[in-house]
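The block underneath contains the structure these notes are about, expressed in structure tokens.
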Amino acid sequence: MKSLMLILFVSLLSVVAKADCTTAITINEAISASTSDYLERAEKRAVEDKCSSLYLRINTPGGSLQSTRLIVERILASPVPYLCLIAPRGGHAGSAGAIILQACHVNGGLTATNIGAATPILGTGEKTPEDLRKKLINDTVSWMEGVTKLRGRSLKFSKEIITEAKSLSSEVAHAEGALDILAATELEFLQQAQGRKVLVGEKKEPSVVAVHDLREFVPDLRYKVLSFVADPEFAYLLFMGSLALLYVEVTHPGLIAPGVIGGIGLVLSMVAFHKLDVAWGGLALILLGVAFLIAEMFIPSFGALGIGGLIAVFVGSVFLFDAQTTGYVLPMSLIVSVVGVLGIFFLGLGYLAVKTIRLRTQDADAQMQSRDGVVMTVEGNGHSGQVEIIGEIWKFVSEDSLMPGDRVHITGRQGLTLNVKKNK
């Protein structure tokens, strides 16, 4: 009985020890599809590791409103509390960052940081038409009102950062009730967050566990690639440029390169616009890449299809698996090895195809030199013209002066022109 109790006690300690952690992430860029995907995977990592909370350092000028909405929805439905801090000193949570902070279970700012200026604007930077501006502002204000009431923060602040683009220092924002905690260091923030009661899902949690055993969820290659293409302005340009390249390929068949670049760019822009899930985008890129590689064997593209196919397979493989979703992630060494093998395979096939074409050309030359041809037309003094041989019409040059109907023997070939001499 004592041994059983000891086992249960040790098991309980191991569970508690395992839960004694906080997953930490950092956002230092504009809010985009890459941020949404990054937070989703970090939250799944926190749940998988049984961590008690998720600590988010945020320093952003703003970003996509659509991505922000997805992030807020995820925070509000999260099974673990989000502890969000404006950091480092000198940083700020502008626009979309200010909205995300209002959704966090516990938020705060380091001294010498600021928050606010969340008025929606067009991604192009152009002036918003008045009717559209009113619609965007009213919709965002009503949305933020619900989020702010849920967290018990300043409704006045959450409204003014949208309607008046108000921006405050963290000290003033804390005094006005927009920030829960004002801290000098990250450690102080976590200490003040410890034990706070927050609403997680639909139930009141007794308190926040904000331990200092931080487990960093470091941005990987998937995040970096997504960050590169997911900037709203770049994603728009990528989308329009891809359509233009596909149009060029359709109207000028055979250029190949515009079609390859346009196809890959179109898939990436769909991921950036949240029209394709990242994993589905990865699968689409892999299938597109395989199609390019197969086409390379039948269409002379001077390597454009092959190179484009290998790039698509590589990027698609990076996007395809997520350890937090599937429990597995493809090692970079495996991805590089597979892409390398595919490259060698299709390069080998291309070499064999070129070799076969050369052999066929040599066989055709030998066959022509073993046959006689008949002069069809002559030009000038009869030293050039057209000759028929094996049912084909070729240009010819000759040292002999020839007449139509003369039979000639082929002595050589220069491209599409035959060297001939008159049969004796």
Side-chain angles (χ1 to χ4, degrees), residues 23-43 46 53-88 91-110 113-121 123 136 139-155 157-162 165-168 170 173-174 177-181 186 189 193 198-200 208 217 219 223 226-227 230-232 274:
T23 300
I25 54 179
T26 302
I27 296 176
N28 280 323
E29 299 172 342
I31 305 300
S32 64
S34 61
T35 315
S36 176
D37 179 69
Y38 180 44
L39 285 178
E40 178 182 354
R41 294 190 293 135
E43 183 183 306
S53 55
L54 199 154
Y55 171 45
L56 169 61
R57 308 178 191 92
I58 187 165
N59 177 25
T60 177
S64 165
L65 184 59
Q66 183 181 8
S67 298
T68 304
R69 285 185 176 272
L70 292 174
I71 291 170
V72 169
E73 289 173 9
R74 175 158 298 280
I75 293 174
L76 296 182
S78 173
V80 295
Y82 275 70
L83 316 177
C84 305
L85 176 69
I86 310 172
H92 69 137
S95 190
I99 294 174
I100 292 171
L101 272 169
Q102 296 308 302
C104 294
H105 300 82
V106 179
N107 70 10
L110 294 182
T113 59
N114 71 292
I115 178 176
T119 303
I121 60 173
L136 287 173
D139 179 62
T140 308
V141 167
S142 61
W143 172 49
M144 279 302 298
E145 183 178 347
V147 174
T148 306
K149 283 182 178 179
L150 183 67
R151 298 303 185 211
R153 301 195 180 105
S154 171
L155 286 173
F157 174 79
S158 67
K159 181 179 180 180
E160 290 179 347
I161 62 173
I162 297 169
K166 187 175 183 178
S167 182
L168 300 175
S170 54
H174 176 252
L179 293 179
D180 302 327
I181 298 172
E186 293 187 33
F189 169 74
V198 295
L199 183 65
V200 178
V208 168
F217 186 71
Y223 173 79
L226 275 175
S227 295
D231 176 78
H274 297 286

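- Residues Val147 and Val72 are in side-chain contact: their nearest non-hydrogen atoms beyond the backbone lie under 4.5 Å apart.
- Note that CG of Asn107 and CG of Asp180 are 4.5 Å apart. Values are rounded to the nearest 0.5 Å.
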| query | Can you check side chain to side chain contact (heavy atoms under 4.5 Å, CB included) on Thr35 and Asp37, steps first, answer last? | reply | CA-CA 5 Å; Thr35 315; Asp37 179 69; over 6 Å; no
| task | For the pair Phe157 and Ile115, evaluate side chain to side chain contact (heavy atoms under 4.5 Å, CB included) and give the outcome as yes or no after the intermediate values. | result | CA-CA 10 Å; Phe157 174 79; Ile115 178 176; 3.9 Å; yes
| task | Determine, stepwise, if the pair Leu65 / Trp143 fulfils side chain to side chain contact (heavy atoms under 4.5 Å, CB included). | result | CA-CA 12 Å; Leu65 184 59; Trp143 172 49; 4.1 Å; yes
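- The two atoms that bring Val106 and Ala193 nearest to each other are CG1-CB, 4.1 Å, heavy atoms only.
- A donor-acceptor contact shorter than 3.5 Å links the side chain of Thr60 to the backbone of Glu29.
- Side-chain atoms of His92 and Asn59, non-hydrogen and from C-beta on, do get closer than 4.5 Å to each other.
- For the pair Asn114 and Leu168, the minimum side-chain heavy-atom distance is 4.5 Å or more.
- Using a cutoff of 4.0 Å between basic side-chain nitrogens and carboxylate oxygens, Lys159 and Glu145 are not scored as salt-bridged.
- One distance of note links OG of Ser36 with CZ of Arg69; it measures 13.5 Å at 0.5 Å rounding.
- Contact annotation: the side chain of Leu70 approaches that of Glu73 to within less than 4.5 Å [non-hydrogen atoms, C-beta and beyond].
- Between Leu226 and Ser34, the shortest heavy-atom contact is CB-CB, 3.5 Å.
- Between Ala93 and Leu101, the closest heavy-atom pair is CB-CD1, 3.4 Å.
- Without hydrogens or angle criteria, Thr23 side chain to Ala42 main chain gives no donor-acceptor distance under 3.5 Å.
- A 4.5 Å side-chain heavy-atom check between Val80 and Ser53 finds every atom pair outside the cut-off.
- Once rounded to the nearest 0.5 Å, the distance linking CE of Met144 with CD1 of Ile161 reads 5.0 Å.
- Thr68 contributes atom OG1, which lies 6.0 Å from atom CD1 of Ile99 (distance to the nearest 0.5 angstrom).
- Taking OG of Ser78 as the reference point, atom CD of Glu43 lies at 3.5 Å (rounded to 0.5 Å).
- Closest approach of Leu110 to Ala87, counting heavy atoms only: CD1-CB, 3.8 Å.
- The distance from atom CG of Leu39 to atom CG of Leu54, rounded to the nearest 0.5 Å, is 7.5 Å.
- The two residues Glu186 and Leu85 have their closest heavy-atom pair at CG-CD2, 3.9 Å.
- For Ile75, the side chain to side chain contact (heavy atoms under 4.5 Å, CB included) partners are Ile71, Tyr82, Ile100, Ala103, Cys104, His105, Arg151, not counting sequence neighbours.
- Considering every non-hydrogen atom in both Gln102 and Arg153, the closest pair reads O-NH1, 2.7 Å.
- In the model, Ser170 has a side-chain atom that pairs as donor or acceptor with a side-chain atom of Thr113 under 3.5 Å.
- Between Tyr223 and Tyr38, the ring planes are tilted. Angles from 30° to 60° get that label.
- A donor-acceptor pair under 3.5 Å is absent between the side-chain atoms of Ser64 and the main chain of Ile31, judged by distance alone.
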